[in-house]
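Excluded from the calculations below are hydrogen atoms, water molecules and symmetry mates; all remaining heavy atoms, backbone and side chain alike, are included. Here is how names work: the chains are called A, B, and so on, in the same order as the sequence lines, proteins then strands, and each is numbered from 1.
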Amino acid sequence: MAKNYDHTKIEKKWQSIWEKKKIYQAQNSSKKSKYYSLIEFPYPSGDGLHVGHPRPYIGMDVISRKKRMEGYNVLYPIGWDAFGLPTENYAIKTGKDPRIVTKKNTGTFRRQIKSLGISFDWSREINTTDPKYYKWTQWIFLQFLKKGLAYKKKMLINWCPKDKIGLANEEVVNSCCERCGTPVEKREKEQWMLAITKYAERLDRDLDTVDFLPHIKLAQKNWIGKSEGATIQFVINNSKLSIEVFTTRPDTIFGATFLALAPELAKKITGKDFGIKVDTDRENRDKIGIDTGLKAKNPANSEMIPVYVVNYVSVDYGTGAIMGVPADDERDREFAEKYKLPIIENYKKAGFEEFGKKVTTFKLRDWIFSRQRYWGEPIPVIFCEDCGVVPVPEKDLPVLLPKVKNYQPTESGESPLANISKWVNVKCPKCKGKAKRETDTMPNWAGSSWYYLRYTDPKNTKEFASRKKLNYWLGTDPAEGGVDWYNGGNEHTTLHLLYSRFWHKFLFDLGLVPTSEPYKKRTSHGLILAEGGEKMSKSRGNVINPDDIVARFGADTLRVYEMFMGPFDQAIAWNEEAIIGPRRFLERVWKVATQIQKNFSGLLQPSAGTFPVQNSSVSALHKTIKKVSEDIEGMRFNTVISALMIFLNENPTMPKEVYEIFLKLLAPFAPHITEELWQLLGHKQSIHLEPWPKYDLSRIKDTEIKIVVQVNGKVRGEIIVPAETGEDEIKSKALTEGSVSKYISSTPKKVIYVKGRLINIVV
RNA sequence: GGGCAAGUAGCCGAACUGGUAUAGGCGCUGGUCUUAGGAACCAGUGGAGAAAUCCGUGGGGGUUCGAGUCCCCCCUUGCCCACCA
């Protein structure tokens with residue numbers, strides 16, 4: 001055996017052996033139970049991987065490896081979410097074809113990820129920019145269109161004048177473009193929309209059926225924003241016209257002294273533009289309003305009350321009109337005081353539905369699905385002068401993204417595709433008349449809304465995935481199935497996660513997927529920040545490249561460090577100094593093996609899962625198996641490593657049988673070194689195909705227990721007694737314990753005994 | 001303004017349903033091996049004090065035999081949302 005642990009000699013070697021033997025490839029049918037674990041597939045940026053990327057991959061790798069050892073047929077796939085702005089902006093700057101740039105970037109990412117020994121099934125690698133893939137993204141869009149859930153709408157969109165692109169509400173942060181920080185403008189434009197609001201109720205309700213971390217469920221619920229309220233009609237000027245207001249407090253109607261309309265609604269009703277805009281500025285909260293001159297009749301008391309157009313009511317929530325109840329609403333009070341409107345302090349409360357109609361409303365808006373950009377899936381639609389909107393026939397899919405010379409969006413805000421007349425001008429598929437292609441592309445959320453389905457059957461040319469394979473990997477119980485465990489970033493909780501649940505439910509309604517939810521379980525990880533706690537980014541110049549760490553310390557050290565550095569779900573700063581700890585730990589693991597080989601070489605057979613070892617470390621070993629097994633399930637990876645370190649510190653030498661179990665516990669975290677040592681100890685098969693160690697509760701029990709003795713809540717001593725000693729005996733022993741008795745001057749008032757832990761004597 | 005997290009040694013962090021606070025790691029100090037150095041090994045490491053002992057989990061109250069953990073008020077930080085009726 002080699003004297004020293006040299007990661008450079010073993011990591012590449014095992015990676016290529018594993019690949020050759022295909023030990024991480026998932027089987028599409030198996031006697032084993034299936035397990036589908038998933039990470040969010042990366043966007044292959046030109047900067048390559050930084051050390052923050054692998055944290056979730058390693059976490060789910062540990063889970064996946066443990067599941068394999070527990071006898072599951074595990075699917076742990078990887079791919080590329082490769083459409084998107086950074087690549088396109090790079091293409092604009094350099095004139096390089098985004099296809100070439102993407103190929104280069106995915107090459108870098110692939111090489112870097114492979115160097116970490118993650119047990120991905122690379123045979124299922126997918127890429128959203130591959131026409132064989134986006135053919136099905138377009139196909140799903142056509143199904144939305146067919147069902148009337150994709151529709152065109154003229155609307156004011158958020159427009160980034162720098163990126164020259166329409167932005168979804170979600171991409172606008174503090175009135176600025178999320179990407180470049182330029183203040184957004186409003187522009188009127190025809191946009192494709194997806195009617196996610198039709199699914200709002202189910203997206204909300206079905207959260208009760210899935211195992212998502214509580215904060216994830218809550219964030220989704222808040223985003224969907226379901227609220228119960230009522231709409232109430234206010235008749236205008238004794239005419240037939242009426243204004244419908246939405247309120248969650250219809251009982252306060254006797255206190256209503258004015259109506260407040262969103263500017264857009266006021267324009268629609270009166271035909272006049274009052275020059276008021278809803279302020280999105282977070283600082284400026286001044287209430288502004290103009291009396292429209294209209295009077296509305298309060299149905300509760302028949303009072304005629306004024307109708308104002310105001311800057312604090314949004315048109316796209318509720319009905320765009322509210323009733324002002326100054327006595328009960330802070331904003332209404334502020335407004336009423338400013339404009340000297342009556343405030344009725346004490347009024348009669350009405351019944352909930354006495355004057356209105358009970359309704360449910362949601363904050364969730366329909367999804368703006370058009371982008372005026374090049375590097376995205378072309379929306380497969382043709383506009384015919386006679387037939388109108390015509391879907392591209394399914395046999396003509398995919399609508400290939402054509403090559404262009406200039407990737408710049410046009411000044412008019414149209415996609416660069418609009419400049420390619422050869423591509424744009426086509427015959428109508430229906431009437432063969434003159435027609436034009438849609439030049440908008442899809443947002444980069446499209447391809448990621450269904451990718452987990454494609455992994456089950458990535459090469460299928462007939463369907464997005466065969467039903468048989470979907471049934472196998474997702475399960476056939478509509479209420480129970482889905483990807484078994486999906487871990488991802490918190491930043492995707494409200495967008496990607498919600499969008500993909502929506503697509504999945506739609507496909508479920510079409511009978512194309514077997515389950516009503518895509519993911520059974522969802523957890524999240526914390527970001528790795530740069531030293532000093534700042535976000536890691538190229539522009540800040542604080543990016544750590546994993547290649548350097550792998551070269552210096554090895555992939556196993558990097559993996560153990562990333563799992564050990566802190567709680568998996570919390571953000572944590574990179575600390576280059578601390579990496580040496582995990583490296584030293586692995587060195588010690590190696591050293592134990594060399595001693596075992598020296599002492600037992602050739603004498604012992606590989607263990608068969610039991611270990612007839614008679615010494616005090618057996619209890620500690622079983623405790624460690626239990627802790628490691630349970631903590632991995634709870635993603636408490638940091639305490640797993642800590643437990644393994646403690647076990648090694650307390651057992652600097654150990655019998656071969658014990659050591660082999662220790663190696664198996666460590667294997668999901670440090671796959672290379674454990675494989676090397678496993679084989680050096682005489683095994684022919686991979687450690688990663690070994691059964692996961694089992695613990696025996698009866699072996700964990702201690703024969704003697706330590707009882708802490710407190711006097712008035714302060715620790716004054718301890719006694720050691722046989723585990724089965726009764727309470728009375730322990731009490732009397734504690735009272736006479738030498739180090740304790742001097743604190744007891746009088747008869748104890750009370751003696752409290754906590755079984756097996758401590759005794760507190762109150763005097 | 002609302003929601004969600006969180007605040008423990010010099011630093012990252014442990015502590016199960018209230019029960020020995022600071023496990024594990026980094027760093028630091030001393031030592032060993034070494035020509036030397038180290039990413040090696042061993043020992044020590046919350047504060048005050050000569051000691052007994054006392055004080056210590058953001059601050060202040062409270063409940064309890066006992067509080068990092070539960071309750072109330074406040075402060076700070078991070079994330080998400082925001083005039084949502």
Side-chain angles (χ1 to χ4, degrees), chain A residues 4 170 173-174 214-216 218-219 221-223 225 227 229 245-250 252 260 262 278-282 284-287 310-314 316-325 328-332 334-335 361-363 490-491 493-494 526-527 529 531 533 552-553 557 560-561 564-567 569-585 587-588 591 627 630 636 638-649 706-718 748-763:
Chain A
N4 297 311
E170 296 89 285
V173 176
N174 292 335
H215 76 268
I216 297 174
L218 198 70
K221 277 207 180 270
N222 289 342
W223 189 266
S227 70
V245 307
F246 173 76
T247 177
T248 52
R249 295 289 310 278
T252 64
V278 173
D279 234 316
T280 46
D281 187 349
R282 273 147 183 69
N284 180 15
R285 299 255 151 173
D286 282 349
K287 307 271 177 295
V310 302
N311 69 340
Y312 71 96
V313 172
S314 333
D316 53 6
Y317 184 72
T319 59
I322 63 163
M323 57 182 196
V325 184
D328 253 356
D329 184 291
E330 247 178 75
R331 291 155 307 175
D332 294 344
E334 190 190 326
F335 187 79
T361 190
F362 298 91
K363 288 181 199 169
N490 280 318
E491 70 276 23
T493 301
T494 46
L527 290 178
L529 307 168
E531 295 199 49
R552 279 172 63 206
F553 297 96
T557 298
V560 172
Y561 172 63
F564 180 61
M565 62 195 297
D569 59 350
Q570 273 169 44
I572 190 157
W574 183 257
N575 181 358
E576 193 94 29
E577 265 192 339
I579 300 171
I580 194 61
R583 172 70 195 199
R584 284 182 189 142
F585 167 61
E587 303 260 12
R588 272 179 281 136
K591 211 167 129 188
K627 177 153 183 70
E630 290 173 356
R636 294 181 293 274
N638 53 333
T639 54
V640 173
I641 301 297
S642 155
L644 291 172
M645 285 173 169
I646 292 169
F647 186 79
L648 191 68
N649 290 347
K706 191 173 76 178
I707 306 286
V708 168
V709 185
Q710 296 183 334
V711 179
N712 289 340
K714 289 204 158 72
V715 180
R716 297 303 184 188
E718 60 184 47
K749 270 191 217 153
K750 208 174 175 184
V751 179
I752 290 137
Y753 174 59
V754 182
K755 198 167 181 275
R757 282 185 167 271
L758 67 68
I759 196 155
N760 189 13
I761 301 158
V762 188
V763 292

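Within the nucleic acid shown, A:I572 comes within 4.0 Å of sugar-phosphate atoms alone, with no base atom in reach, counting heavy atoms only. Residue A:V715 is in sugar-phosphate contact alone, with no base atom involved, counting any heavy-atom pair closer than 4.0 Å across all strands shown. When heavy atoms are screened at a 4.0 angstrom cut-off, A:V310 is found touching no nucleic acid atom at all. Residue A:N760 is in base contact, counting any heavy-atom pair closer than 4.0 Å across all strands shown. Across all strands, A:K706 comes closer than 4.0 Å to base atoms (heavy-atom distances). Across all strands shown, A:V762 has heavy atoms under 4.0 Å from sugar-phosphate atoms exclusively, and none from any base. Counting any heavy atom pair closer than 4.0 Å across all strands shown, A:L758 reaches a base atom.
For A:P567, the side-chain atoms get nearest to B:G13 when compared with the rest of B:C65, B:U20, B:G13. Which of B:A85, B:C81, B:A14 sits closest to the side chain of A:W223 comes down to B:C81. Here B:G24 is the nucleotide among B:A14, B:G24, B:U20 with the atom lying nearest to any side-chain atom of A:S642. In this structure, of B:A15, B:G24, B:A85, it is B:A85 that holds the atom nearest to the side chain of A:T247. Distance from the side chain of A:Q710 is smallest to B:G19 among B:A6, B:G19, B:A23. Considering only side-chain atoms of A:K750, the nucleotide from B:C65, B:C83, B:A85 that sits closest is B:C65. Distances from the side chain of A:I752 to the nucleotides B:C65, B:G27, B:U20 place B:C65 closest.
Judged by atom type and distance alone, A:K749 does not reach the base of B:C65 through any side-chain donor-acceptor pair under 3.5 Å.
Regarding contacts with the backbone of B:G25, a side-chain N or O of A:N649 is found under 4.0 angstrom from either OP1 or OP2. An OP1 or OP2 oxygen of B:C12 is reached within less than 4.0 angstrom by no side-chain nitrogen or oxygen of A:N638. Taking side-chain N and O atoms only, A:Y312 has no distance below 4.0 Å to OP1 or OP2 of B:A85.
With a cut-off of 3.5 Å on both pairing distances, the Watson-Crick and G-U wobble pairs of RNA chain B assemble into stems of 3 or more at B:1-7 with B:75-81, B:10-12 with B:24-26, B:27-32 with B:40-45, B:46-48 with B:53-55, B:58-62 with B:70-74.
Not counting sequence neighbours, the partners of A:E587 by the salt bridge (charged side-chain N to carboxylate O under 4.0 Å, His left out) test are A:R583. By the ring-ring contact (aromatic ring centres under 6.0 Å, His included) test, A:Y561 pairs with A:W574, sequence neighbours left out. Partners of A:K591 according to the salt bridge (charged side-chain N to carboxylate O under 4.0 Å, His left out) rule, which considers only residues two or more places apart in sequence or in another chain, do not exist here. Residues passing the side-chain contact (heavy atoms from CB on, under 4.5 Å) test with A:R584 are A:I580, A:R588, sequence neighbours excluded. Among residues two or more places apart in sequence or in another chain, the salt bridge (charged side-chain N to carboxylate O under 4.0 Å, His left out) test is passed with A:D329 by A:R331. For A:V709, the side-chain contact (heavy atoms from CB on, under 4.5 Å) partners two or more places apart in sequence, or in a different chain, are A:I719, A:A734, A:V740, A:I759, A:I761. By the side-chain contact (heavy atoms from CB on, under 4.5 Å) test, A:N490 is found to be paired with A:H215, A:T493, A:S524, residues two or more places apart in sequence or in another chain being considered. With sequence neighbours left out, A:F246 forms a ring-ring contact (aromatic ring centres under 6.0 Å, His included) with no residue at all. Partners of A:K755 according to the side-chain contact (heavy atoms from CB on, under 4.5 Å) rule, which considers only residues two or more places apart in sequence or in another chain, are A:Y753.
The cationic group of A:K287 does not satisfy the cation-pi geometry with A:F335, failing either the under 6.0 Å distance to the six-membered ring centre or the 45° limit from the ring axis.
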Verdict with supporting geometry, A:D328 and A:R249, side-chain contact (heavy atoms from CB on, under 4.5 Å): CA-CA 10 Å; A:D328 253 356; A:R249 295 289 310 278; 3.7 Å; yes
Tabulated below should be each protein N or O lying under 3.5 Å from an N or O of nucleotides 38-41 of chain B; please produce it.
{"unit_1": "B:A40", "atom_1": "OP1", "unit_2": "A:R584", "atom_2": "NE", "d": "2.7"}
{"unit_1": "B:A40", "atom_1": "OP2", "unit_2": "A:R584", "atom_2": "NE", "d": "3.2"}
{"unit_1": "B:A40", "atom_1": "OP2", "unit_2": "A:R584", "atom_2": "NH2", "d": "3.2"}

Between protein and nucleotides 53-55 of chain B, what N or O pairs are separated by less than 3.5 Å?
{"unit_1": "B:U53", "atom_1": "OP1", "unit_2": "A:Y743", "atom_2": "OH", "d": "2.5"}

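In terms of modelled atom types and a separation under 3.5 Å, the side chain of A:N760 and the main chain of A:I752 share no donor-acceptor contact.
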